[in-house]
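Here the structure is a predicted model, which means the values were calculated and not measured. A note on names: the letters A, B, ... follow the listed sequences, proteins ahead of strands, and every chain is numbered from 1.
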Amino acid sequence: MRSTAAAFAWEFRRRLGWGLVASLVYFVALALVQFGIGARSPIHPLREMTFAFTVSIPVSLAFMYFLAVFSYGLAGDLTARHSLYPARLFTLPITTAALAGWPMFYGTLTMAALWAATALIALWPVQAPVPLIWPGFFAAAFVAWLQVVSWMPYGLPGLRLIAAVLLLTTIDVVVAVAVHLEVRESVMVALMVPQIPLAYLAARHAVGRARRGDTPDWGGVFVRLGRIADAFPRRRGPFPSATSAQAWFEWRQHGRSLPGWVAILVPFEVLFLYVVRDQPPVLTVTGLVVMLLTPPFLAAFVAVTVGRSSADASSAYGLAPFVATRPLSTRALVAIELRMALASTLFAWLLVVVALALGLALSGSWPVVIDKARGLADFVGPARAIAIALLGVLALLAITWKQLVQGLAIGLTGREGLIKSSVLGRLWSLVMIGLVLHLFNRNPEFRVFLWHSVPWLPLVPAMVKVGAAAWIAGRLHRDRLIADRALVAAAAAWLAAVLAVHGALRWTFDTPHFAQSLLLSLAILAVPVVRPAAVLLALASNRHRGTVPPGLVGARRPALRVAHALLAVPVVLAFAALVSFQVRHRDNGRLLSSGLERTYRLHVPKSYDATRPTPLVISMHGAGLWAAAQMEISRWNAVADEQGLIVVYPSGARTAGPRVWRAGQGGATTRDVQFIADLIDALKASYNIDPARIYADGLSNGGGMAFLLSCTLSDRIAAVGMVGPALFLPWGGCQDIARPVPMILFHGTDERFAPYHGGRSPVGREHVFPSIPSFTAAWARRNRCGEPVESRRAADVTRREFQGCADGADVWLYTIHGGGHTWPGGGDLPEWFVGRTSRSIDASREAWTFFQAHPLQRPRTAPRSGR
Amino acid sequence: MGDSVISVSELTRRFGARAALDAVNLSVARGAVHGLVGANGAGKTTLIKHVLGLLVAERGSVRVFGLDPVAEPVAVLSRIGYLSEENDLPVWMTVGELIRYTRALYPGWDDAYAEELRLMFALEPAARIKTLSKGQKARAGLLVALAYRPELLVLDEPSSGLDPIVRRDILAAVIRTIAHEGRTVLFSSHLLDEVEQVADHVTMISHGKVVLSGPLAALKRDAQVVGGREPTLDELFFAHVGIHAASEAET
């Protein structure tokens, strides 16, 4: 080696090793794909999914890998106080300037080259709307600053990770702002270029300090803070037991890290809340969310070094003999670790709760929070509001604890590679989260796909989780780390906890919108099993290293099979519930309308005779429901079978959100009206439908849709029915109709989504619903009806009949006294959510009686317009 | 041997392709002061880690007090005092806290003896371990390994940490006391003269194999006479392990 430069170059080439080769191969392959296949470039940044998988993910992986290599991050302990710069180089006869300079030179050069290759191969050929130059300088500045962060000695262990996270976040923000403001290329270059010499000066200072052993130690301050943080009075007497001594040891060694870091961060968050108190509320909300995410976020990073006895040692990842040779069983050690994690979690959250109260008081946001809480309590009732709050608190505690336990499980393996890649992986996911959110935001198809996969989405990780739990159970059983009885008891306790959580979720979210399988999958994911079991496995394998020889291995006993069966129960139930739900609730018809595939559920009675014209009822679901739900709620099928009519339940459009009918005003409504028209045509083509006896009805949003159809398809639909209609279309928006349309309406007086007497409701805070009696009276006036006749149909039901209307277009209003947002006589809906369902009448049968009396007639008179 | 505290038979352990231990047999009698000698990397620490249950036997068996240290760590470890080669005491503790913590883990802890050792080792209870010198750390480690009067004391290369005064005067005295009380000592070292001073039994390991094992006196007696006298341990070592390994040991 002739020169220092050549020596560093050689070393980095060796360190990069296969990573460099893999990157080169990747770029060659990318170039072949981009330039080799035809004239049209297949990889274009506007085709998000393709671009993400072919360019963004591999390049960002390479970026992270190069970062780790050039910052020497793979060589040392990321959380240690001392510099990560390799100490072996300090004794070389080289200036500090060269020690800092050469790695920075090669690092920045490599990063710039990485961007240049990406830009030249993936972006430039397609003239992508992406800046071509400044990101290269940006990548170079990024590696330079990360080198500074890595090489700087710190006063506290773990401070480097916080610095790295802050750096990554700052960078994310800079890029987002630059892209958002469309800052000129030259401005960005001018901003980025001076970063490199600045970073070099900082790096030279950092390496200089490290070289002369100048590592600050703020541990004293931390120890004093830690003493304050000790919730327990400091005991001077002997420990009552070995476990209590070990618990003290774990708490002092690792338990205080999370509360300590939380205590350092939350004052800044409180300050932020105070500073933004007069700014738009979104900032306060952001501040609160950040504060609530602080413990789980920090927990993901603090626990990985837990297997080490000394926070100062540079490479002691294996379990220290001092800990390994304590006369305590591995199970006892694990139980103590898990309890320590719990204490840590509780303590950290106690700090957050205090800070939260302080922050809310300082920023004057208490009234907003109380208002929101009151709104929630009004919407779901106080009991469920408390349950939701409790579930939320438990979820935050559980997430924090699980992050800590996961860190323990990884840290206690003592495998350096695993520990480091887990930290790097988490940092990488910080970078990637921006890309994922961007993808989610930009790609409507992806959003639709994601929304409609919601029932499946948690089931897949739930299955993976149970699979992992079964594997770990097998290992624990094989290595005799857990007694048969304990294994079965643990599995049974987990099952019981899952069922209990599922019960709580079911009670809290008891509406048709939340599928059984979804809640069960969430319960499976919520109740910990894999992480704590992994801690036991990790500690055991680290404490007693080596493969257990066949002689020691326990035979597979029935206990394992029982445990496996218990673990499998909830996931099998969730899977069965999902499959049965999907089968029972699938739509059985589809057609293309306005360029969209639309679906519906059709019921043709057995008595259908193709030679006789048959009536058709179109029954539309409420917001967030679907065709089969409307079938179960309205029970039109029974009427259809008895009376020989065809009923069809159309589904709202498949969008990235709940299925709703666009039953308001304006051009947006055409899509759904056209769908119903196309549906009538399609059914007419296949069945002998009586054109004079086509009716539409619906619940809530579906009722609103029936109102819209009465305006827009009055020449095809003979009469409409509405149950608890959510009327978003103003009366004035339904004027020019071809003929008076007969109408039957059912509405409860205790209706809270579409209030009987009108006004605002929780489902459309901006919208004022019309009063139902006034709406009906206006309809009757338009149909030129006479005075209404009031009659009692049941103890809780009265009917107001407007008779003598033009063309016999009668208008009937059924008032259900004390009735809710429900289908009278129909399928059960949760009373707490929608109110009471009257059993005194059957809305579908009443509607059918009304429909039968009102076939389509050619108009003899035009309806009166306006009120 | 009927009354073996440690009995290792046909123990084999590989790290990758290299055999760290190759069919090792070892028997340590109750009341013996057993020296484990060998060059650096000969397999002494690996053997000790098997005795403590920190490594699982790949082949062969390890029994301590007749028990498997991997299967029954609590029963075995509660009767062993161990001073590790690495100085891995938790640096954040004070000497007082270390004593208080360790005391809770061992029922046989002797407060008076602990205090006697603390005075002998000149350790301040308020001193943080982080601030102690390497030798002082080793003394603290020795204190908490001795104060519960373990049935078996395992010292892994104590010479590498302890300063000459402790080594020559205190360690030797401690070991003699333990042996006198009928308890057992297993200690590894590459300093042969030190082993010769205190050990009554010796096992020599080279490249993972036991090359010589037995009572020191008998080994010397059975060896070839050097210049009209019994050979020293040094000379025995050279004879069995060879110049190459010995020179490694000296460095």
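Contact annotation for B/Tyr101: both backbone and side-chain heavy atoms come within less than 4.5 Å of a heavy atom of chain A. Using a 4.5 Å cut-off between heavy atoms, B/Arg13 touches chain A through its side chain atoms alone. Heavy atoms of B/Leu83 lying under 4.5 Å from chain A are absent altogether. The part of A/Ser241 that comes within reach of chain B is its backbone (N, CA, C, O), which places non-hydrogen atoms under 4.5 angstrom from that chain. Heavy atoms of B/Leu54 lying under 4.5 Å from chain A belong to its backbone as well as its side chain.
With chain A as partner, the option from B/Ser84, B/Gly53, B/Pro73 having the largest number of non-hydrogen pairs under 4.5 angstrom is B/Gly53.
No hydrogens or angles considered: nothing links the side chains of B/His34 and B/Thr184 as a donor-acceptor pair under 3.5 Å.
Under a cutoff of 6.0 Å and an axis angle of 45°, B/Arg100 and A/Phe239 form a cation-pi pair.
For A/Arg88, the CZ atom counts as densely surrounded, since its 6.0 Å shell holds more than 12 non-hydrogen atoms of other residues, nucleotides or ligands.
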Exercise for review: Please assess B/Arg79 against B/Glu151 for the test salt bridge (Lys or Arg N to Asp or Glu O under 4.0 Å), listing each intermediate value before the final yes or no.
Suggested key: CA-CA 6 Å; B/Arg79 294 158 77 183; B/Glu151 286 175 55; 2.8 Å; yes

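None of A/Leu539, A/Val334, A/Leu537, A/Val323 except one satisfies the side-chain contact (heavy atoms from CB on, under 4.5 Å) rule with A/Leu412; the exception is A/Leu539.
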